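Here's the structure, in structure tokens; my notes come after.
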Protein chains: 2
Amino acid sequence: MRAKHTIKDIAEKAGVSIGTVDRVLHERGRVSKASERKIVAAIKELDYKPNPIAQTLKNGIVHKIGVLLPNPDLDSFWRPCEEGIQEVISEYSAFTIDVVLYYFNPFKSKSFLQLGHKAYRDGVHALFFVPLFDRETNSILEKFDDADVLLATFNSPLLNTIDLYVGQDLVLSGRTAARLLHMSSPDKGKFAIVHINESFENAGHMRKKEQGFISYCIENGLNAPLTITLMAEEFKTKLVSFLEMHQDLQGIFVTTSKAHEVAKVLDSINQEKIILIGYDLLDENLEYLQKGTIDFLIHQDPKTQASLGLRYVIENLLFKKEFPKEKLLPIGIINSENAKSYIAQASV
Amino acid sequence: MRAKHTIKDIAEKAGVSIGTVDRVLHERGRVSKASERKIVAAIKELDYKPNPIAQTLKNGIVHKIGVLLPNPDLDSFWRPCEEGIQEVISEYSAFTIDVVLYYFNPFKSKSFLQLGHKAYRDGVHALFFVPLFDRETNSILEKFDDADVLLATFNSPLLNTIDLYVGQDLVLSGRTAARLLHMSSPDKGKFAIVHINESFENAGHMRKKEQGFISYCIENGLNAPLTITLMAEEFKTKLVSFLEMHQDLQGIFVTTSKAHEVAKVLDSINQEKIILIGYDLLDENLEYLQKGTIDFLIHQDPKTQASLGLRYVIENLLFKKEFPKEKLLPIGIINSENAKSYIAQASV
DNA sequence: CGTATTTGTGTTATCGTACACATTTTTTAA
DNA sequence: TTAAAAAATGTGTACGATAACACAAATACG
């Protein structure tokens with residue numbers, strides 16, 4: 001690799017001053033066609049690329065990045081996201097960035113809306129958020145429409161024009177679960193999909209996972225899975241009677257991170273044959289994974305979603321690094337053995 | 001976050017000039033104890049961190065990074081690594097780095113040694129390599145001993161003093177495979193470990209995987225697995241007679257990326273009941289994964305190993321970013337469904 | 001006591017880019 | 001033809017860290 005060429009090299013080659021080159025580069029006008037031609041030719045010939053380091057130093061602004069995240073104190077599912085964000089913040093502590101965290105109440109769309117608007121008023125240069133509520137998200141996006149603000153989301157997909165989305169293919173994760181159950185009981189299979197409906201915000205997620213699971217069953221000539229939705233109240237009663245009604249059940253797929261609650265019930269009635277699959281590396285889930293009540297966990301990796309997305313945003317602002325419009329993380333299958341390797345992963 | 005403090009702020013606070021501050025920062029002497037005390041205090045109080053961007057700009061050197069990699073033309077296992085490296089190179093094309101690739105012959109330790117020494121003569125600032133041969137690696141490391149060169153490895157672990165290692169816990173991956181087989185045939189299980197010994201360089205890898213597999217079996221009261229090593233010659237004959245001898249075999253664990261060769265044989269004799277687990281997302285493996293002959297693949301993710309490691313090296317040189325001494329990547333379990341999500345992963 | 005030498009300190013140019021401002025050249029109008 | 005306006009181009013400084021250099025004050029030594 002030959003040494004990098006600078007603006008000065010271009011200027012010399014084209015026989016003009018660096019100021020003129022700069023004007024061409026930034027299309028600020030006030031340049032004769034003749035000079036412009038020569039400069040453009042020189043840029044091409046020398047394959048000039050501006051030095052992003054120098055640009056960043058020059059601009060010298062403190063990039064303000066808003067992160068709009070559900071409050072982990074209100075729903076611990078978001079704890080790993082917060083951790084990921086914090087890690088990235090300390091990773092870039094030496095750089096001129098200012099990450100402002102806005103924690104909204106995941107059960108109140110208004111809280112989301114208000115904090116989104118607050119981020120706008122605070123004049124953030126980028127907003128990285130979980131678009132939990134469709135209508136409110138649109139309202140926020142409208143606000144930012146004119147402003148030159150980098151908009152990035154994670155966890156929940158969104159149709160709107162967003163610069164970046166980091167997440168997972170939920171349909172595929174449902175199919176993956178179905179395949180795992182199918183593997184472990186290779187006949188026609190009698191399976192159940194359990195939705196645990198704590199807050200309606202997960203509805204979309206659960207539906208997509210279910211859809212994937214069912215599509216696998218159909219394509220592979222399996223019996224259609226049973227479906228049941230459990231709420232916090234009468235959780236155990238309902239589940240137990242469901243199990244009694246379906247004695248021949250071979251596997252259960254829990255579409256949320258609360259598989260441990262199902263495991264608890266299964267344990268209490270000494271039901272050991274049923275294969276149980278759930279989501280996420282929560283401590284409660286891991287405990288039952290080690291005991292063998294939970295057989296597989298699917299890793300949604302919210303932490304990586306958050307940290308990777310924020311990193312894309314930061315590196316774009318700082319170093320002008322490009323990023324993909326959509327980044328779908330791999331669907332991790334976790335059993336009692338490789339769990340460790342995913343937990344260690346946590347710390348960078 | 002308050003605005004970043006600069007060397008100038010420190011100078012003002014301590015009532016000295018920036019030159020004096022710089023001398024303290026770099027321990028270049030020529031500073032009175034009184035000034036030093038004041039400066040150190042100011043640095044502490046303002047929590048001063050040097051701006052890595054400015055430092056890099058000032059230093060302005062082109063960092064030369066040597067990458068010592070087995071030639072993918074001679075062993076296609078390394079193709080993804082090369083791709084990962086190339087991706088990172090283009091990702092940082094705007095920065096002042098010069099990545100020099102040295103392709104050695106993975107079947108000839110001498111080739112490895114020679115290119116390692118060549119990298120030294122070329123005066124690289126960092127060397128990122130696969131330490132395939134122990135003795136030769138030590139010889140190379142000795143060379144670099146005095147020089148202030150960043151040494152990083154991937155894929156093959158090493159005891160020596162290396163700044164960074166990116167890889168996987170091989171023992172754990174063997175355990176993971178055992179757990180998967182156990183899940184799919186929940187009695188005492190009759191399993192076989194198949195080593196496919198193409199080149200001795202894999203010996204260490206294979207041994208560790210076997211070790212993990214066996215330890216799982218012991219801990220879980222399973223039968224000890226059978227072990228067989230196959231060479232290219234008489235591959236099929238040997239395998240077929242092995243299968244005939246053990247009609248009740250329930251699962252096979254192939255410790256290399258050549259599970260597809262075993263799958264080919266199983267297919268040819270219409271053996272469908274045996275569960276087959278292998279390594280790596282090769283096209284040949286994926287084909288049999290979709291067909292159902294291969295049931296699981298374990299993802300060693302050589303591409304991420306290479307790209308992540310190189311990225312650590314580059315970001316350390318460019319931005320003084322820190323990295324862990326050892327980075328063990330998660331052990332990915334792949335079935336026919338989530339394979340897609342890992343393949344998509346390939347492109348950044 | 002005067003000249004060397006050491007020690008402490010401040011000033012300044014540099015890296016590559018960006019932009020305000022100064023200066024020169026060209027065009028237009030009187 | 002010449003002054004004014006417009007267009008084109010060059011110059012200087014800043015971003016923050018670094019280090020060579022200049023210079024003063026303090027100390028050493030014959």
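All figures in this text were calculated on a predicted structure; none of them were measured in a lab. Side chains are part of it too, since the values below use all heavy atoms of this structure and drop only hydrogens, waters and symmetry mates. All chains are named by letter (A, B, ...) in the order of the sequence lines, taking the proteins before the strands, and each is independently numbered beginning at 1.
- Of the residues near DNA chain C, B/Ser17 and B/Lys58, the one whose nearest nucleotide (by heavy atom distance) lies more toward the 5' end is B/Ser17.
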For this session: Determine, for nucleotides 21-28 of chain C in 5'-to-3' order, which nucleotides have protein heavy atoms under 4.0 Å from the base (write B), from only the sugar-phosphate (write S), or from neither (write -).
Result: --------
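- Under the rule for a ring pair (Phe, Tyr, Trp, His ring centres under 6.0 Å), the partners of A/Phe144 that lie at least two apart in sequence or sit in another chain are A/Tyr120.
- No option in A/Glu87, A/His63, A/Arg311, A/Glu315 other than A/Glu315 meets the side chain to side chain donor-acceptor pair (under 3.5 Å) test with A/Tyr92.
- Residue pairs meeting the salt bridge (charged side-chain N to carboxylate O under 4.0 Å, His left out) criterion with at least one partner in residues 119-129 of chain A, sequence neighbours excluded, are A/Lys118-A/Asp122.
- For A/Asn59, the side chain to side chain contact (heavy atoms under 4.5 Å, CB included) criterion is met by A/Lys320, not counting sequence neighbours.
- Applying the side-chain hydrogen bond (donor to acceptor under 3.5 Å, both in side chains) criterion to A/Glu136, with sequence neighbours excluded, gives A/Ser109.
- Under the rule for a ring pair (Phe, Tyr, Trp, His ring centres under 6.0 Å), A/Phe129 has no partner lying at least two apart in sequence or in another chain.
- Chain B approaches DNA chain D over the interval D/dG16 to D/dA19, counting the first and last nucleotide 5' to 3' with an atom under 4.0 Å from its heavy atoms.
- Note on A/Asp22: a base of the nucleic acid sits closer than 4.0 angstrom, heavy atoms only.
- The salt bridge (Lys or Arg N to Asp or Glu O under 4.0 Å) test applied to A/Asp163 returns no partner, not counting sequence neighbours.
- With sequence neighbours excluded, the residues forming a side-chain hydrogen bond (donor to acceptor under 3.5 Å, both in side chains) with A/Asp73 are A/Arg79, listed by chain and number.
- Shown for residues 28-38 of chain A: residues whose heavy atoms fall under 4.0 angstrom of DNA chain D, namely A/Arg30, A/Val31, A/Ser32, A/Lys33, A/Ser35.
- Residues in residues 6-20 of chain B take part in these salt bridge (charged side-chain N to carboxylate O under 4.0 Å, His left out) pairs, two or more places apart or across chains: B/Lys13-B/Glu45.
- The side chain to side chain contact (heavy atoms under 4.5 Å, CB included) search around A/Ala41 returns none, not counting sequence neighbours.
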